S.K.: 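Starting off with a structure, shown below.
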Amino acid sequence: MAATLVGGAFLSATVQTLVAKLASQEFCDYIRNTKLNSSLLAELETTLLALQVVLDDAELKQITNTAVKQWMDQLKDAIYDAEDLLNQINYDSLRCTVEKKQAENMTNQVWNLFSSPFKNLYGEINSQMKIMCQRLQLFAQQRDILGLQTVSARVSLRTPSSSMVNESVMVGRKDDKERLVSMLISDSGTTNSSIGVVAILGMGGVGKTTLAQLLYNDKEVQDHFDLKVWVCVSEDFDILRVTKTIHESVTSRAGESNNLDSLRVELNKNLRDKRFLLVLDDLWNDSYNDWDELVTPLINGKTGSRVIITTRQQKVAEVAHTFPIHKVDPLSDDDCWSLLSKHAFGSEVRGGSKCPNLEEIGRKIAKKCGGLPIAAKTLGGILRSKVDAKEWSTILNSDIWNLPNDHILPALRLSYQYLPSHLKRCFAYCSIFPKDFPLDKKELILLWMAEGFLERSQRNKTAEEVGHDYFIELLSRSLIQQSNDDGKEKFVMHDLVNDLALVVSGTSCFRLEFGGNMSKNVRHFSYNQGDYDFFKKFEVLYDFKCLRSFLPINLRNWVGGYYLSSKVVEDLIPKLKRLRVLSLKYYRNINILPESVGSLVELRYLDLSFTGIKSLPNATCNLYNLQTLNLTQCENLTELPLHFGKLINLRHLDISKTNIKEMPMQIVGLNNLQTLTDFSVGKQDTGLSVKEVGKFPNLRGKLCIKNLQNVSDAIEAYDVNMRKKEHIEELELQWSKQTEDSRTEKDVLDILQPSFNLRKLIIRLYGGTSFPSWLGDPLFSNMVSLCISNCEYCVTLPPLGQLPSLKDLTIEGMTMETIGLEFYGMTVEPSISLFRPFQSLESLQISSMPNWKEWIHYENDEFNFPRLRTLCLSQCPKLKGHLPSSLPSIDEINITGCDRLLTTPPTTLHWLSSLNKIGINWSTGSSQWLLLEIDSPCVLQGATIYYCDTLFSLPKIIRSSICLRFLILYDVPSLAAFPTDGLPTSLQSLRIDDCPNLAFLPLETWGNYTSLVTLHLWNSCYALTSFPLDGFPALQDLSIYGCKNLESIFITKNSSHLPSTLQSFAVYECDELRSLTLPIDTLISLERLLLGDLPELTLPFCKGACLPPKLRSIDINTVRIATPVAEWGLQHLTSLSSLYIGGDDDIVNTLLKERLLPISLVSLYISNLCEIKSFDGNGLRHLSSLKTLSFYNCPRLESLSKDTFPSSLKILRIRKCPLLEANYKSLSSVRRAKCIHRDLVHFFISLKEAADTIRIRITGNINVIHDAGGYFLAETIKIPFSSIEKRTQIGWQRRKVSGKG
């Protein structure tokens, strides 16, 4: 059944598009003016029409008739080839249009000169056309033999429903929910940890995820837990991705680190003493070790914490559960009918009462759903468009119910079967995305448009609007579902629906991660993006000339940078002549495209965002079909090609966060543009005027107009017609410098009033003396975000309190002395007026206000800022007086460089005791922070103090907290002691950095801190001479760096608190450390060990004891160790993945000579060797998991043995190894690869046969990776060695010690 339904699905719509194109006036006019054989085209149109009328019949008969199925499969390829041929003709038509336009008033002789080189092309097309007609006529002749007839397609396109789909409708699960809620809030169900695991088991589509969502959003459950996290795991179990997702949800910030160890440590710290609920949806991995690795960072959560897993596999549930496994059974037939009828008739009316004649048929259909809600819902979506009993009977009696049993539900097949043809191909295209991958609606619509799926004309609607309708239609039929993602608009496909899409797409779509045989007729190709994508991964594509889509999928949602072989870009992609979609997104090493990209004339979608691209080749302007060009975050890009105006079909141009200074003059001719993120106003007579923006009447989304200081006449701004651009949602108006003509700038801003539909507004460097009256107008009821930046001449703020929906407000770089009542938007007390200012504001940031002295509030300001959660005041040195006295929702306050404000007593600020977080930074002129001197107990959970050189004691707000969790002190040299009564014992994390004079907590008090799990001491507490490892009973993460006088780290004799909880231990650059006792047998939880630059220390590992068994990362550098390395027991560390070793030639030489390293090792970093010239690689060859090998600062290392490296090696890095580098620097790349250094040549050859990495190329002090099919460009694959091995910079050392290296 691999392609059972695809033929009609794609072809009905595709043939309709082809026929419409052949009949179009524009196409016919072009044919008449060329040497193309019009009779052949007419013949093609006739044949297509003859085929079109039987496609619906063929689509039905192919289900049971293999001959028809084979006919449809072969016809599909023929139709695609015909489409490609017509597109070739269409491109030449576009070329003629562009060249004719450029020729302007040139004579016919000149015009014929342009056309003459293409005479041979016309002959070739005529020849292909003749073959194509004969090929299609053969199919037309066979239709009668197969008994295909003309039938009416009984499908309809409903009026698109609302984008909000009620996914919470639940039938027949009340008892399930009640039992599961009791598990979640009960005190039982935990084993040796505080976590209880609730396993929800059931077959696909039975409603496990929806049940978990109901639990997740239940009011009683919400009130019971301090924190909730939802993670979709799916079949591609990646512990780094899952851990990172949990970490981001817990910390509310995107993590850029891919260091699993540091993520686990920080996650453990953040979850300590929190009762959390974690949902792991769609878990497939049944490995107990993987499960243990995943949940280990969670074990210190507060008692009563719960993990919900949903899974289809009994073994997975058995590995994880602590409560009895809850199996979700299929729905009863009655419940299935209830759910189906709600989706067919609306949730408010049952089918029996609205259409009683349909209930009997409907119940029979519901019985066929097998009790699966996903089947009932999708069938309800079909039946919702049908009110005739005959149509319901047709579905009931469909042959699809009788298909041989496989993993696709017949009910889902029916939901696809009854889609209109134009929706079928849109749906099937979604198979290129992996399961659980969040679908970006806008991007998907642009991809559909690029593939030609949106060419079905609808009056007064753009292709994008048609695509939106299609998307909503699929959403309304539950073929796409809105995901549970913290309120963000994200969409996914149910796993079973994804399986359906994969089946119906047949050989047209291929996801590389699935493996298997790839048809040469595949059209759409996607793959999971890897850190390093070598050519070998793609070499299979050389034979696939029909490919239309080349799409990397970023599963990790990480934009830090991926690397792609230059051979893919330079050699492979230009050969894929039929490409319509090309994405190279996130490949940081791509900084140039070959001119041959101009040969991809069918290209409609080109995504180069987040690459290192420096310029676009001129040949890019030959891509006349291009509709979408995404260049966002291409920071090296400074200009667009001169002839950019030749891209006459361009609709979406995203150049946000690039460094493009001027717009190409020809861009004004692109009047189809709907997205133009940035427009730079040129200087008079040398660039584009602001009025040119008016030539883009259809703009929508984001728009930033830069360099408005170049507007010499404000009248030009009228032509922009900004008020009429009703689809602009985000607008930034930017001047680049202050000018003396403030009147012109005031007029320009006044004229550029946007539509009331605007949601976000940014104004930067405006030079007027006042703001226009429209800014702050309450009619801007959709505005949720506003930023006013560096408008120095304005002495008052606009009445921003009048904006009813404003949530985020930023004011920065202003010169005013007072923020007064005009800021609120009224001049009378709010008790007199019904108006409530800033009724929706959640975040207020005011910064860089050097003259601001006073913030005036109403005497009774209880009505102001009712929802404000975050207040940030930065670099306002003259500000004094009181903050607003009533902030009922305040959660966090940050004060930076506002010394006078800190000296104000908190007489009326009762909300201070309700703060959750506080940050004080850059205080240099105040020794007493009266603002924070509150005597009453408070609920402060976190405090950060940075760069404060006159602070002598911690403020009372910290000492008065009853629940302080973290405290960070950074560069506070004046602080000499903690409070005499210590810190709040609820403290979980204490970080002290660059506080050399601070006396550490008294030893006798350490045992009181039973919640402290993280302690970092960096360049601080110089009086500390000894540190007992067992002092803090719950410590998990200990880092000590640069403590100048620390002499010993030890275990107290007869200790009752052995350091069994310690997971990460790092000691670095403690020059006086002479004694370090590592009780190996008690460090049973240790995962990360770092010892470095300890010149006075000779470390003996405990005799006869192995290293801790859970170690994942070891870093030992420039430390003398008395125990021979052979006795360390490294080979027994089955979890060890990273090893950093250096500073001792004998240790490294032994490790590389003997098989002492565990096969689990993935990364090996060797550094700071003085004597080694070469080494025996016998100790590496057995490392079947090793992917990265690095050498740093090995001055006498000359050569690398040919037999050194395992076949798994992907990345080799060499830095500061001058003799080794010199052997290759002086040679050409060809000689390097072939004959210069025998060992190296053999090394290349062995890797070429077994892996991808075969060449090394030195450029400056950065080594460049090359791959089996051809090398990466020298300047392209920059892997910053300093972030991995460099040990000479303190900044790196701090990152390394903290686990962020």
Side-chain angles (χ1 to χ4, degrees), residues 450 512 524-554 559-623 625-626 628-637 640-641 658 1210-1211 1229 1233 1252-1255 1257 1259 1262 1264-1279:
L512 184 62
H524 311 295
F525 171 81
S526 71
Y527 62 94
N528 294 345
Q529 202 163 25
D531 290 337
Y532 303 97
D533 284 330
F534 296 94
F535 179 76
K536 187 175 182 180
K537 184 173 183 176
F538 307 100
E539 60 186 356
V540 65
L541 296 179
Y542 258 111
D543 297 327
F544 294 86
K545 307 303 183 184
C546 298
L547 207 64
R548 294 182 177 182
S549 305
F550 184 93
L551 197 64
I553 304 294
N554 183 356
V559 298
Y562 299 86
Y563 301 92
L564 177 68
S565 166
S566 63
K567 188 174 176 68
V568 175
V569 179
E570 295 179 352
D571 191 16
L572 171 61
I573 289 178
K575 289 180 169 59
L576 305 176
K577 301 296 186 182
R578 299 184 185 182
L579 272 186
R580 298 182 177 194
V581 170
L582 172 60
S583 174
L584 300 173
K585 189 175 185 178
Y586 299 127
Y587 286 121
R588 290 290 189 183
N589 66 302
I590 294 178
N591 55 28
I592 190 170
L593 288 181
E595 286 288 336
S596 55
V597 74
S599 66
L600 304 178
V601 296
E602 296 301 324
L603 206 61
R604 289 153 168 80
Y605 180 100
L606 178 58
D607 189 348
L608 300 174
S609 60
F610 297 91
T611 65
I613 197 80
K614 295 179 180 179
S615 62
L616 295 177
N618 291 327
T620 307
C621 300
N622 295 333
L623 305 178
N625 282 304
L626 196 65
T628 300
L629 178 58
N630 189 353
L631 301 170
T632 186
Q633 205 78 41
C634 294
E635 297 171 350
N636 298 329
L637 187 63
L640 294 173
T658 65
K1210 295 287 186 182
I1211 301 162
S1229 59
D1252 289 320
T1253 305
I1254 65 165
R1255 301 181 187 173
R1257 185 173 179 181
T1259 56
I1262 295 178
V1264 182
I1265 299 174
H1266 297 259
D1267 73 331
Y1271 55 86
F1272 288 95
L1273 294 174
E1275 69 277 10
T1276 60
I1277 186 157
K1278 296 179 180 177
I1279 303 166

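Computed from a predicted model, the values in this text were never measured in an experiment.
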S.K.: So, the side chain of Asn622 versus the backbone of Val601: is there a donor-acceptor pair under 3.5 Å, distance only?
M.R.: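 Not at all, since once roles are kept as given, no pair shorter than 3.5 Å links the two residues.
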S.K.: First locate atom CD of Glu635, then atom CZ of Arg588, and finally report the distance between them rounded to the nearest 0.5 Å.
M.R.: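 CZ of Arg588 is found 6.0 Å from CD of Glu635.
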S.K.: Taking only residues two or more places apart in sequence or in another chain, which ones pass salt bridge (Lys or Arg N to Asp or Glu O under 4.0 Å) with Arg580?
M.R.: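 Result, salt bridge (Lys or Arg N to Asp or Glu O under 4.0 Å) vs Arg580: Glu83.
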S.K.: So Thr628 and Leu606, side-chain contact (heavy atoms from CB on, under 4.5 Å) or not? Walk me through it.
M.R.: CA-CA 6 Å; Thr628 300; Leu606 178 58; over 6 Å; no
S.K.: Identify the heavy atoms of Pro617 and Pro594 that sit nearest to each other, and give their distance.
M.R.: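 Heavy-atom minimum between the residues: CG-O, 3.8 Å.
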S.K.: Which residues pass the ring-ring contact (aromatic ring centres under 6.0 Å, His included) test with Tyr587, not counting sequence neighbours?
M.R.: none
S.K.: What I want to check is whether the side chains of Tyr562 and Asn554 have a donor and an acceptor closer together than 3.5 Å.
M.R.: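 There is such a pair (donor and acceptor under 3.5 Å, judged by atom type) between the side chains of Tyr562 and Asn554.
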S.K.: Let me confirm one number: the NZ-CG distance from Lys537 to Leu564, rounded to the nearest 0.5 Å.
M.R.: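 Answer rounded to 0.5 Å: 9.0 Å.
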S.K.: With rounding to the nearest 0.5 Å, note down the distance linking CD in Glu539 to CG in Asp571.
M.R.: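 Glu539 atom CD to Asp571 atom CG measures 11.5 Å (nearest 0.5 Å).
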S.K.: With sequence neighbours excluded, give me every salt bridge (Lys or Arg N to Asp or Glu O under 4.0 Å) pair touching residues 604-613.
M.R.: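 Non-adjacent pairs meeting salt bridge (Lys or Arg N to Asp or Glu O under 4.0 Å): Glu602-Arg604.
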S.K.: May I have the step-by-step check of side-chain contact (heavy atoms from CB on, under 4.5 Å) for Leu593 and Ile613, ending in yes or no?
M.R.: CA-CA 8 Å; Leu593 288 181; Ile613 197 80; 3.9 Å; yes
S.K.: Should Thr620 and Val597 count as side-chain neighbours, where that means a heavy-atom distance under 4.5 Å?
M.R.: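 Thr620 vs Val597: side chains touch.
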S.K.: Which residues satisfy the ring-ring contact (aromatic ring centres under 6.0 Å, His included) test with Tyr527, sequence neighbours excluded?
M.R.: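 For Tyr527 the ring-ring contact (aromatic ring centres under 6.0 Å, His included) partners, ignoring immediate neighbours, are Phe525, Phe538, Phe550.
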S.K.: Mind checking what makes side chain to side chain contact (heavy atoms under 4.5 Å, CB included) contact with Asn636, not counting sequence neighbours?
M.R.: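 By the side chain to side chain contact (heavy atoms under 4.5 Å, CB included) rule, Asn636 matches Lys614.
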S.K.: Checking the side chain of Gln633 only, and the main-chain atoms of Ser609 only, is there a donor and an acceptor separated by less than 3.5 Å?
M.R.: no
S.K.: Measure the spacing between OG of Ser599 and NZ of Lys575 and express it to the nearest 0.5 Å.
M.R.: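 So the OG of Ser599 and the NZ of Lys575 are separated by 9.5 Å.
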S.K.: What's the spacing between Cys634 SG and Asn591 CG if we round to 0.5 Å?
M.R.: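 Answer rounded to 0.5 Å: 11.0 Å.
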S.K.: Applying salt bridge (Lys or Arg N to Asp or Glu O under 4.0 Å), can you list everything that pairs with Lys577, at least two apart in sequence or on another chain?
M.R.: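 Salt bridge (Lys or Arg N to Asp or Glu O under 4.0 Å) list for Lys577, sorted by chain: empty.
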S.K.: Check whether Phe610 forms a cation-pi arrangement with Lys585 (NZ or CZ under 6.0 Å from the six-membered ring centre, at most 45° off the ring normal).
M.R.: no
S.K.: Does any part of the side chain of Leu582, heavy atoms only, come nearer than 4.5 Å to the side chain of Leu600, both counted from C-beta?
M.R.: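 In short, these two side chains touch, coming nearer than 4.5 Å.
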S.K.: Please lay out, stage by stage, how Arg578 and Lys545 fare under the test side-chain contact (heavy atoms from CB on, under 4.5 Å).
M.R.: CA-CA 7 Å; Arg578 299 184 185 182; Lys545 307 303 183 184; 5.8 Å; no
S.K.: How far apart are the C-alpha atoms of Leu631 and Thr611, what are their side-chain angles, what is the distance that settles it, and do they pass the side-chain contact (heavy atoms from CB on, under 4.5 Å) test?
M.R.: CA-CA 8 Å; Leu631 301 170; Thr611 65; over 6 Å; no
S.K.: For side chain to side chain donor-acceptor pair (under 3.5 Å), just list the numbers for Asn630 and Tyr605, CA-CA rounded to whole Å, side-chain angles, deciding distance to a tenth of an Å, and then say yes or no.
M.R.: CA-CA 8 Å; Asn630 189 353; Tyr605 180 100; 5.4 Å; no
S.K.: Any donor and acceptor pair, going by atom type alone, linking the side chain of Lys536 with main-chain N or O of Asp533 inside 3.5 Å?
M.R.: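 Here the side-chain-to-backbone pair does not exist.
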S.K.: Over all heavy atoms of both residues, which pair between Pro641 and Cys621 is shortest? Give the atoms and the distance, please.
M.R.: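 Here Pro641 and Cys621 meet closest at CB-SG, 3.5 Å.
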S.K.: May I ask you to decide if Leu551's main-chain N or O and Ser549's side chain share a donor-acceptor pair within less than 3.5 Å?
M.R.: no
S.K.: In Å, rounded to the nearest 0.5 Å, how long is the span from CG of Leu608 to CG of Leu637?
M.R.: 9.0 Å
